[in-house]
Amino acid sequence: MNRNIYKIIPVLLLIGALSSCKKDFLHVVPKGELIATTTADYTLIMNSIKFYQYTNGLPTLLLGDDIVAEESYFQYATASAKQLFQYQGVIYKVGDTPWELENYVNNLYTCNKIINEVMASTEGTDDQKKSLLAEAQATRAWINFQLINFYGKPYMATTASSDPGFPIIETADVSQNSFTRGTVQEMYDFIIKDLTAAIPALPVQNVVRTRMSRVAAEGILGKVYLFMGKNSEALTQFNTAFTDISGISTPPRLYDYNVELAPGGSFLPAGMYGPNYPGNDPTNMTESLLAKTFNAGGYNGNGFGTDGLELNPTTQALFGSSDLRLQLYTDHFMYAPTLPGGRIVKYAMQYAWVGLQLSDLYLMRAEVKARLNDLPGAQSDVEYLRKNRMPASDATVPSAIAGDQTALIKFIIEEREREFAIEGYRWFDMRRLSVDPIYSGATYTHTMYTIAGGTTTYPMPPERMVMQLPPNIMVANPNFVNNP
């Protein structure tokens with residue numbers, strides 16, 4: 001094996017445009033070359049922890065309307081966290097390194113190296129090389145899906161061909177210095193092209209869930225179609241993913257909170273950070289189809305993530321009293337008195353799972369079934385999840401909702417709020433729902449509970465459905481027009 005492979009991970013560091021005003025966009029990618037010659041070398045690259053365990057916080061967590069903040073704690077948050085919470089346009093100053101570009105563009109560079117080189121590697125079979133190529137393509141698609149949802153407008157078929165997108169980067173060439181933003185449509189087309197090319201060559205179940213599998217890619221492709229409003233195409237992919245899951249020897253499964261949070265259950269005894277469930281253990285991939293985590297703060301004064309954040313009382317009201325997910329919350333910050341007004345904190349969440357979770361797959365399929373007017377099918381999927389989160393007697397969708405298409409769609413969206421509260425999912429949902437006629441006219445606000453005992457509100461302006469490109473990228477690419 002090429003011993004230089006051990007030099008690969010240390011050189012995956014950012015240089016250039018995000019830390020100084022360099023003249024080209026790809027100076028955000030690693031300095032130097034990835035040295036790999038054998039197929040096994042490229043396999044090791046795909047195993048890099050940088051693909052699945054992000055040590056940064058999650059900006060989308062600060063943008064969802066499922067949070068409020070307590071000034072006495074949130075005053076110590078980073079400047080960028082405060083600006084995100086206040087729905088400001090300029091989040092980063094010149095010299096800042098936005099995490100989403102540090103991590104994702106870094107990973108794009110690595111994926112492109114594999115895509116462009118692995119078929120010429122030595123000592124591997126043709127099938128092994130094609131499988132690695134497919135992994136890199138599908139992983140690139142997942143990354144681009146994140147980036148277009150940060151920096152491009154929510155997908156609308158009538159405007160996507162003119163809405164500014166994010167640069168499509170297909171090379172790992174740091175000397176490239178000409179980039180265009182392209183359009184939202186071009187990026188979605190590229191994502192779909194990567195996924196459809198990759199799926200046939202991917203293993204149904206990979207060696208570890210941190211790496212892309214056919215099941216995960218099918219689910220992600222379905223999610224892409226859902227975000228485009230293509231519900232029939234999304235349902236096809238979700239159904240195929242569930243069919244493939246049934247053929248896996250050790251498939252992902254949902255934890256039954258009725259069992260795991262009962263005496264003797266695996267989530268107990270609770271520790272300093274709450275029950276021992278996946279949100280507190282980045283190695284617990286039981287519910288993951290594609291396992292990727294971000295640090296979600298720590299309830300421990302680290303100044304970012306969930307520190308100072310509480311569950312929005314409006315979101316809290318969506319939970320029934322028997323919902324066992326409430327056991328992931330507490331009524332006080334660490335070493336602090338009880339919060340006023342019955343507000344609660346999600347202390348049992350050191351990590352947010354953002355790759356593709358089985359609960360997400362159930363809820364997305366339920367949603368598209370409801371949108372396609374398969375109300376019994378939608379009800380079945382959402383109730384399957386709920387039966388694993390609360391007593392079965394309370395998991396049934398009320399009959400008045402189950403028989404009403406719009407009401408059921410809204411119930412499923414609310415179930416997403418309950419399942420993924422304060423985990424960074426909500427802003428992506430807010431984005432796509434902003435172009436959904438069912439949610440026409442919806443507004444969003446953040447509330448700060450002040451030290452003086454009052455409140456300060458920060459209404460979300462419509463343009464904050466898109467993040468601005470950071471200053472250094474704009475300086476390095478004067479031809480770009482920034483988001484408002």
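Counting from 1, the numbers follow the sequence of the chain as shown. Side chains are part of it too, since the values below use all heavy atoms of this structure and drop only hydrogens, waters and symmetry mates. Here the structure is a predicted model, which is why all the values come from computation and not from measurement.
Every residue two or more places apart in sequence or in another chain that forms a salt bridge (charged side-chain N to carboxylate O under 4.0 Å, His left out) with Lys93 is listed here: Asp96. With sequence neighbours excluded, no residue forms a ring pair (Phe, Tyr, Trp, His ring centres under 6.0 Å) with Tyr52. Judged as a ring pair (Phe, Tyr, Trp, His ring centres under 6.0 Å), and not counting sequence neighbours, Trp427 has no contacts. Partners of Glu260 under the salt bridge (charged side-chain N to carboxylate O under 4.0 Å, His left out) rule, at least two apart in sequence or in another chain, do not exist in this structure. Glu287 meets the salt bridge (charged side-chain N to carboxylate O under 4.0 Å, His left out) test with Arg389; sequence neighbours excluded. Residues that satisfy the salt bridge (charged side-chain N to carboxylate O under 4.0 Å, His left out) test with Arg365, not counting sequence neighbours, are Asp381. Looking at residues two or more places apart in sequence or on another chain, you find a ring pair (Phe, Tyr, Trp, His ring centres under 6.0 Å) between Tyr362 and Phe242, Tyr384.
Side-chain contact between Asp244 and Glu218 is present, with at least one heavy-atom pair separated by less than 4.5 Å. At least one side-chain heavy atom of Gln405 sits under 4.5 Å from a side-chain heavy atom of Leu375. No side-chain heavy atom of Pro164 sits under 4.5 Å from any side-chain heavy atom of Val481. Side chains of Leu309 and Leu61 form a contact here, defined as non-hydrogen atoms less than 4.5 Å apart. When side chains are defined from C-beta on, Leu195 does not count as touching Ile192, because their heavy atoms never get closer than 4.5 Å. The side-chain heavy atoms of Met285 and Pro252, taken from C-beta on, include no pair separated by under 4.5 Å.
Looking at His332, its side chain never comes within 3.5 Å of a backbone N or O of Leu339 through a donor-acceptor pair. Distance alone, capped at 3.5 Å, places no donor-acceptor pair between the Asp394 side chain and the Thr396 backbone.
Within the structure, salt bridge (Lys or Arg N to Asp or Glu O under 4.0 Å) contacts touching residues 220-237 (residues at least two apart or in different chains) are Lys223-Asp360. Identified under the salt bridge (Lys or Arg N to Asp or Glu O under 4.0 Å) test for residues 135-152, with sequence neighbours left out: Glu135-Arg211, Arg140-Asp194. Pairs of residues two or more places apart, or lying in two chains, that qualify as salt bridge (Lys or Arg N to Asp or Glu O under 4.0 Å) and include a residue from residues 427-443 are Glu367-Arg432, Arg371-Asp436, Arg416-Asp429, Asp429-Arg432. Note on residues 315-336: pairs passing salt bridge (Lys or Arg N to Asp or Glu O under 4.0 Å), not counting sequence neighbours, are Asp323-Arg325, Arg325-Glu415, Arg325-Glu419. Screening residues 397-425 for ring pair (Phe, Tyr, Trp, His ring centres under 6.0 Å) gives Phe420-Tyr425 as the qualifying pairs, with residues at least two apart or on separate chains.
Aromatic pair Tyr104/Tyr54: ring centres closer than 6.0 Å. Taking the six-membered ring wherever Trp is involved, the centroid distance between the rings of Tyr151 and Phe166 falls below 6.0 Å. No close placement of the Tyr347 and Tyr273 rings is indicated, their centers lying 6.0 Å or farther apart. Taking the six-membered ring where the residue is Trp, the centroids of Tyr73 and Phe333 are separated by under 6.0 Å. When ring centroids are compared, Tyr255 and Phe267 come within the 6.0 Å threshold. Aromatic pair Phe480/Phe179: ring centres not closer than 6.0 Å.
Taking every heavy atom of both residues into account, Ala234 and Val368 meet most closely at CB-CG1, 4.0 Å. The two residues Ala216 and Leu289 have their closest heavy-atom pair at CB-O, 3.8 Å. Leu261 approaches Gln327 most closely through the heavy-atom pair CD2-OE1, 3.8 Å. Taking all atoms of both residues into account, the shortest heavy-atom contact from Ala370 to Ile409 is CB-CG1, 3.7 Å. Across all non-hydrogen atoms, the minimal contact from Leu326 to Gly320 is CD1-O, 3.5 Å.
Here the rule is side-chain contact (heavy atoms from CB on, under 4.5 Å) with Met212, and of Ile199, Thr139, Leu356 only Thr139 fits it.
No side-chain N or O of Asn388 forms a donor-acceptor pair with one of Arg253 less than 3.5 Å apart.
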**OP:** Let me see the working for Lys346 and Glu310 under salt bridge (Lys or Arg N to Asp or Glu O under 4.0 Å), right down to the final yes or no.
**Re:** CA-CA 7 Å; Lys346 195 169 190 177; Glu310 302 155 0; over 6 Å; no
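Between the OH atom of Tyr225 and the OG1 atom of Thr236 there is a distance of 9.0 Å, given to the nearest 0.5 Å. Note that the CG atom of Asp404 and the CG atom of Leu408 stand 8.5 Å from one another [nearest 0.5 Å]. The distance from the CG atom of Asn106 to the CG atom of Leu101 is 10.5 Å, given to the nearest 0.5 Å. Considering NE2 of His446 and CG of Leu84, their distance stands at 9.5 Å, rounded to 0.5 Å. In this structure, CG on Leu254 lies 10.0 Å from CG on Leu361, to the nearest 0.5 angstrom.
The aromatic rings of Phe227 and Phe428 lie perpendicular to each other, with more than 60° between the two planes, well past the 30° mark.
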